[in-house]
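The structure appears below as structure tokens.
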There are 2 protein chains.
Amino acid sequence: MSHSYEWPRPALTVDCVVFGAADERLEVLLVQRGEAPFKDSWALPGGFVHQDEALDVAARRELVEETGVDLSYMEQLYTFGTPGRDPRGRVVTVAWLALVRPGVHRLEPRTDARDAAWHPVADLPPLAFDHERILETARERLRGKLRYKPIGFELLPEVFTLTELQRLYEVVLERPLDKRNFRRKVLATKLLIDTGQRRTGVAHRAPSLYRFDRQRHAELERDGYLFEV
Amino acid sequence: MSHSYEWPRPALTVDCVVFGAADERLEVLLVQRGEAPFKDSWALPGGFVHQDEALDVAARRELVEETGVDLSYMEQLYTFGTPGRDPRGRVVTVAWLALVRPGVHRLEPRTDARDAAWHPVADLPPLAFDHERILETARERLRGKLRYKPIGFELLPEVFTLTELQRLYEVVLERPLDKRNFRRKVLATKLLIDTGQRRTGVAHRAPSLYRFDRQRHAELERDGYLFEV
DNA sequence: CCAAAAGTGTTTCACTTACACCCATGA
DNA sequence: TCATGGGTGTAAGTGAAACACTTTTGG
């Protein structure tokens, strides 16, 4: 093994697929590249891993540097390393899937990314490198995970209505859900706390506001439960 | 981004968690290290990624070099990159989960691995590096995946009995399953072909031999079906 | 004829699905 | 008073789980 240290090494990067929900659509955070290759193209935020930096730390750092967003959830997605995926040479990237709550997005492009912006996933520009493939992998993971882990809440504000939650699920799963069945099932998990508050100022009956019960979720998680919507 | 090319790069390796089933136990393939660090310790087979080598190719190559096994299934598991996980310096490893059929194991240690051997996962020696953590991640993935994807077949010979399949599920899931319910459910998937043959020479009624229908599986896969046991 | 595993159906219960109307509020 | 979404229950069907005995074969 040790002789291998002298070989040329692949470069290592991280890339983040950051999803947000707004206007009843699923959006993804992209940066416009300021340098070649793919200058002016949109790309996933990301960059090189520092020498003694954990991979998740690198992902968070690049994200803050390029966009300034504050994440509510992050998990490792997949590592992409097909030779030729970067025209500059051999670059292996560890991709991450992240979620942010609405409103928190203060977009502040800072370093080499000229611009950062939210794009609806249903209507995207061409992306740099193999980022379209990475994004597609992330969409599949999100769809799958949403069905058996309660991560949908990480895309909503701290308090939300049941209808907002249902809309989110419909957007991600790309199919309509029955209102009564959805409410029954999601309330049956006992993962929602009724805040007792209602959202006023709407031109219809004021809906109840709920909060996700992180503590109960942590307890259930220990025993290995299933969520299922 | 481009300035990053001058920075010191983390080294990149692959490691394989190879599961096999034998004697109604789940086993994992380990190699005994011939060099420091962790000389004489058991470790997952793996090694450095070559400059223009795809990650899965690297994983397969290391596996053949160190053990000579022939895989029936392989998927990317997770990428581990915590600083300090390798005492020699910064090493990031892309871990793979692989399955092999019984009997195919011609173990032939060839390069720097002094010895390769199967170990029951229920009774393992201490492992080098963070390989215990990697192995635990692989066990969880295998358990989860077995329940909704038909990968159990990749741990059995080409033809097998329903009881053998059930025992395998019981070993991996670590719980007993009801015989009648199991048979009904697994046959309902239409993923098994009755070969018409029976296993003779056993001291009880000769059991039917089945074969996994890869073609039908591929068809169902396209529509996105679920397996569930 | 004995031991050992193969093979086979039915009932019960829980959960999922489909479905339609009245209520509260602001404009 | 109208438009808009909030909120609620029941019946039918499907799928999961529990459960025991007969059959075949080799020794």
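Chain A is the first sequence line, chain B the second, and so forth, proteins listed ahead of strands; every chain is numbered from 1. Remember, predicted model here, so these are calculated numbers, not experimental data. Because only heavy atoms are used, hydrogens play no part in the values below, and waters and symmetry mates are left out as well, while side chains stay in.
None of Glu221(B), Glu154(B), Glu219(B) except one satisfies the salt bridge (Lys or Arg N to Asp or Glu O under 4.0 Å) rule with Arg214(B); the exception is Glu154(B). Of the candidates Arg184(B), Lys185(B), Arg183(B), Asn181(B) forms a side-chain hydrogen bond (donor to acceptor under 3.5 Å, both in side chains) with just one, namely Arg184(B). Paired with Leu44(A) under the rule side-chain contact (heavy atoms from CB on, under 4.5 Å), one option of Val17(A), Val18(A), Val14(A) passes, and it is Val17(A).
Each of Val202(B) and Ala203(A) was matched to the nucleotide of DNA chain D holding its nearest heavy atom; the match closer to the 5' end belongs to Ala203(A). Residue-to-nucleotide proximity on DNA chain C shows that, of Thr161(B) and Gly201(A), the 5′-proximal contact is made by Thr161(B). Remark on DNA chain C: of its neighbouring residues Ala206(A) and Tyr210(B), the 5'-side contact belongs to Tyr210(B), judged by nearest-heavy-atom nucleotide.
Rounded to whole Å, atom P of dA5(C) lies 17 Å from atom CG of Leu177(B). Residue Arg199(A) contributes atom CZ, which lies 14 Å from atom P of dG26(C) at whole-angstrom precision. Rounded to whole Å, the distance from NZ on Lys185(B) to P on dA18(D) is 10 Å. Spacing between atom CZ of Phe182(A) and atom P of dT16(C) amounts to 14 Å, rounded to whole angstrom units. His204(B) has its NE2 atom 18 Å from the P atom of dT23(D), to the nearest Å. One can place CG of Leu187(A) at 13 Å from C1' of dG6(D), the figure rounded to the nearest angstrom. Between the CD atom of Gln166(B) and the P atom of dA6(C) there is a distance of 9 Å, given to the nearest Å. One atom, CZ of Arg198(B), and another, C1' of dT23(D), lie 11 Å apart when rounded to the nearest Å.
Comparing dC23(C), dA17(D), dA6(C) by their nearest atom to the side chain of Lys179(B) picks out dA6(C). Distances were taken from every side-chain heavy atom of Asn181(A) (C-beta onward) to each of dA18(C), dG7(C), dG7(D); the shortest belongs to dA18(C). Of the candidate nucleotides dA20(C), dT24(D), dG7(D), dT24(D) has the atom lying nearest to any side-chain atom of Arg205(B). When distances run from any side-chain atom of Arg184(A) to the nucleotides dG5(D), dC19(D), dA18(C), the shortest one goes to dA18(C).
Applying the 4.0 Å criterion to OP1 and OP2 of dG7(D), one finds that Arg183(A) has a side-chain N or O inside that range. Side-chain N/O atoms of Ser208(B) include one lying less than 4.0 angstrom from OP1 or OP2 on dG7(C). At dG5(D), none of the side-chain N or O atoms of Thr163(A) fall inside 4.0 Å of OP1 or OP2 (strictly under the cut-off).
Here the side chains of Arg139(A) and Leu142(A) are not in contact, with every heavy-atom distance at 4.5 Å or above. Taking 4.5 Å as the limit, every side-chain heavy atom of Tyr169(B) sits out of range of all side-chain heavy atoms of Arg147(B).
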